[in-house]
Each structure stands twice: as C-alpha cells, then as structure tokens.
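What's counted below: heavy atoms across the whole structure, side chains too, no hydrogens, waters or symmetry copies. Labels below follow one simple rule: chain letters A, B, ... track the order of the sequence lines, proteins then strands, and each chain is numbered from 1.
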Amino acid sequence: MPELPEVEVLARHLQPLLPGKIIRSVQVRRPKVIQPGNPETFRRALLGAKFTGLTRRGKYLLFQLRRPGTRETFTLLGHLGMTGRMYLAAKNLPPPKHAAVVLELGRQNFIYEDPRYFGRLTLNLDPVAKLGPEPLTDDFAAGPFAVALRRSGQAVKVKLLDQSLVAGIGNIYASEALFRARISPRLAARRLTAAQVKRLTAAIRTVLAEAIDCGSTLPLNFGGGPAGGLFYFGHTPGAPDFYTERLCVYDRAGQPCLRCGHAIRRIVQAARSTFFCPQCQRKM
DNA sequence: CACCATGTTCCTTG
DNA sequence: CCAAGGAACATGGT
C-alpha cells in the first residue's frame with residue numbers, strides 16, 4: 001500500500017474522520033514501530049490528545065494533535081512500510097493479528113497493523129526533514145532535479161528511489177515513470193539529457209497524479225477485509241482493481257508492451273526488481 | 001524448501 | 001565527507 005499515491009488516497013480518506021476525536025487509550029503492541037522512543041513516553045504524549053488535522057509528505061502521514069486544554073500542538077508521524085495499514089474500526093472488534101498500535105477514540109479504534117512491522121507510528125519527525133521536494137507541487141522542478149541527477153553515476157531507476165531527490169516514489173512508480181518517459185532504467189543518472197530530465201519530471205507527475213485519481217474513484221473498503229491490488233484495502237474478488245488495470249510495466253515481465261508489443265523485461269537493480277520495455281526504453 | 005514482496009536504515013568498503 | 005553496495009528488519013504468498 002505504500003507509495004505516494006496510496007498514502008495520499010489513505011490521507012484523503014482519514015482526513016475527515018479524525019478531527020475532533022480524542023485518544024482515550026494507547027496500546028503499543030509492538031514497541032519497535034514507535035521507535036526511537038519508548039512506549040511510556042509515547043503513551044503519555046498521546047493520551048487525551050485530540051486530532052486536529054492530517055497531511056501527507058512523501059510516503060509519510062502527519063497527524064496533527066492538540067494536547068488537552070491547551071493550544072499546544074504536536075505531530076505524530078506515520079509510515080506504512082511495505083505492508084502497513086491504518087484505519088478506523090469498531091471498538092468491539094478484536095484487534096488484528098499484527099496490530100502494532102491501537103488507539104481508542106470513543107466508539108472507534110484507530111488501528112495500525114503491519115505484518116512485517118517495517119512501518120512507523122512515532123513522535124520522531126527526523127525522517128521528514130531529509131525528504132526531497134513533493135513531486136506534485138512546484139517545489140519539484142526539472143532544473144534542480146537535473147542538478148541532483150548529475151551528481152550520480154548510479155542507474156536512474158535507483159536514484160528515483162532516493163527520497164532525498166524527490167519524495168514519494170517507490171519501486172512500482174519508478175518503473176512506471178521511466179516507461180512513461182521512455183527512458184531506460186539502466187541509464188546512468190548523470191547521462192540524462194536536459195530533455196530527458198524534463199520528460200521524466202513530467203512523467204513522474206503524471207503517473208502519480210493518475211494513480212491518485214484512480215485510487216480516489218475506486219470503491220475501496222478501508223475498514224479492512226482482504227487486501228486487493230495496490231491499495232491495501234478490501235475489494236471484491238474478480239472486480240477490476242488499480243493494480244491490474246493501470247500499471248503498464250510493473251510485474252508484467254513477459255507480457256506484451258502496451259505501446260509496442262515487445263515483451264516486458266524484468267531486471268534486478270540494487271537488489272530490487274525493475275520492469276521496462278527494451279524497445280521503448282532505449283539507453284540514449 | 002526456494003524465492004519473491006509496495007521500504008528504510010545501518011554498516012562496510014572504496 | 002561522500003557514493004555505492006549489501007545486509008538487516010519480519011512475515012506471508014506462491
């Protein structure tokens with residue numbers, strides 16, 4: 001569930017549900033996910049606090065909270081890792097097997113579950129300071145992006161995963177953006193021409209924006225249920241989902257390119273899969 | 001049993 | 001100090 005579009009769709013879902021809700025109890029079932037920091041201080045900070053807002057930055061969720069009886073606000077940082085989900089569930093339901101944190105909010109519980117526990121729900125905001133520009137705002141421009149790319153001889157695909165260059169792109173949308181821009185994932189970052197960087201910048205914006213639009217219109221079941229497709233929420237088995245409908249190259253090794261028909265290839269870069277069309281994405 | 005998986009950080013090496 | 005590569009984290013699916 002965890003690249004920028006999926007996090008954005010989740011943020012839009014939770015945004016209207018949280019403000020005004022007060023944290024009545026705090027259960028840290030996996031201390032690892034609130035680190036650095038210990039369950040005691042975490043509990044004390046959150047208990048009685050009221051949600052006031054929610055924003056997204058890269059793949060992070062920023063929960064705004066206010067301490068009881070004061071105007072003092074603070075931020076709780078959420079990250080879904082590879083397999084995390086955050087949602088509201090009825091209080092009477094037993095927490096899922098891999099519930100990492102459960103916040104009681106009146107009639108509902110805020111659940112953070114994560115089978116692999118790679119994600120975070122923490123008061124430590126350091127990671128956000130290291131993020132590069134937001135790709136869907138004017139902060140992300142071809143000029144500075146080109147300068148950053150020029151400093152590296154690594155493959156451009158690998159650089160797209162560097163959150164300090166541009167925030168929010170993950171393994172799926174890195175492949176998708178390069179396909180859209182018709183650039184080989186193996187091209188060394190510093191070898192991209194100005195025209196290619198411009199295309200890539202635009203492709204990143206388009207690919208992410210389209211994914212958000214698509215996820216916003218899908219009938220997602222945020223309450224849980226079996227995960228389906230990219231958006232890790234319940235969906236009707238057999239029904240079309242974003243994952244199969246919208247991705248052009250990711251996880252399509254051997255299948256025909258939607259643009260030219262050539263077989264999509266899978267290669268490994270920096271120990272992660274990359275998918276591309278060798279015909280459309282030449283190394284030039 | 002084997003290998004794969006939407007992410008990030010830490011450690012080592014050069 | 002920096003870039004780059006790899007392991008580690010932990011669990012589930014195929």
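With both pairing distances under 3.5 Å, C:dC9 is matched to B:dG7 as a Watson-Crick or G-U wobble pair.
Remark: A:Thr83 is not in phosphate contact with C:dA10, judged by side-chain N or O atoms under 4.0 Å from OP1 or OP2. Taking 4.0 angstrom as the limit, A:Gln154 places a side-chain polar atom (N or O) nearer than this to OP1 or OP2 of C:dG5.
Checking C:dG12, B:dA5, C:dC9 against the side-chain heavy atoms of A:Lys32 singles out C:dC9 as nearest. Side-chain proximity of A:Tyr117 to the nucleotides C:dA4, C:dA3, C:dA10 is greatest for C:dA10. Among the nucleotides C:dA10, B:dG7, B:dT9, the one closest to any side-chain atom of A:Pro2 is B:dG7. Counting only heavy atoms from C-beta on, A:Arg30 has its side chain closest to C:dT11 among B:dG7, C:dT11, B:dT9. The side chain of A:Lys59 approaches B:dG7 more closely than any other nucleotide in the set C:dC9, C:dA4, B:dG7. Side-chain atoms of A:Tyr60 lie closest to B:dT9 of the nucleotides B:dA5, B:dT9, C:dC9.
The CZ-P distance, from A:Arg190 to C:dA4, rounds to 7 Å in whole Å. Distance A:Arg116 CZ to B:dC4 C1': 9 Å, rounded to the nearest Å. For the pair A:Lys130 NZ and C:dC2 C1', the interatomic distance rounds to 16 Å; values are reported in whole Å. Residue A:Arg85 contributes atom CZ, which lies 14 Å from atom C1' of C:dG12 at whole-angstrom precision. Rounded to an integer number of Å, the gap from CZ of A:Phe118 to C1' of C:dG12 is 11 Å. Rounded to whole Å, the distance from NE2 on A:His98 to P on C:dA10 is 13 Å. Across the protein-nucleic acid pair, A:Leu4 atom CG and B:dT8 atom P stand 11 Å apart, rounded to whole Å. Between A:Arg151 atom CZ and C:dA3 atom C1' the separation is 11 Å, expressed in whole Å.
Residues A:Ala203 and A:Ala177 come closest through the heavy atom pair CB-O, 3.4 Å.
Scanning atom types as modelled, no donor and acceptor separated by under 3.5 angstrom connect the side chain of A:Arg272 and the base of B:dA5.
A salt bridge links A:Arg56 to A:Glu134: at least one charged side-chain nitrogen sits closer than 4.0 Å to a carboxylate oxygen.
A cation-pi arrangement is found for A:Arg259 relative to A:Phe179, the charged atom lying closer than 6.0 Å to the ring centre and inside a 45° cone about the ring normal.
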Side-chain donor-acceptor distances from residues 32-51 of chain A under 3.5 Å, at least two apart:
unit_1: A:Lys32; atom_1: NZ; unit_2: A:Tyr117; atom_2: O; d: 2.6
unit_1: A:Asn38; atom_1: OD1; unit_2: A:Glu40; atom_2: N; d: 3.1
unit_1: A:Asn38; atom_1: OD1; unit_2: A:Thr41; atom_2: N; d: 3.0
unit_1: A:Asn38; atom_1: OD1; unit_2: A:Thr41; atom_2: OG1; d: 3.0
unit_1: A:Asn38; atom_1: ND2; unit_2: A:Thr41; atom_2: OG1; d: 3.4
unit_1: A:Thr41; atom_1: OG1; unit_2: A:Asn38; atom_2: O; d: 3.0

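No side-chain heavy atom of A:Val7 sits under 4.5 Å from any side-chain heavy atom of A:Tyr60. Proximity of A:Lys59 to A:Leu80: side-chain heavy atoms (C-beta onward) are nowhere separated by under 4.5 Å. Two residues are said to be in side-chain contact when any heavy atoms from C-beta on lie closer than 4.5 Å; A:Lys157 and A:Leu178 meet this criterion.
Looking at residues 159-171 of chain A, you'll see A:Gln163, A:Gly170, A:Asn171 sit with a heavy atom under 4.0 Å from some atom of DNA chain B.
In terms of modelled atom types and a separation under 3.5 Å, the side chain of A:Gln163 and the main chain of A:Leu161 share a donor-acceptor contact.
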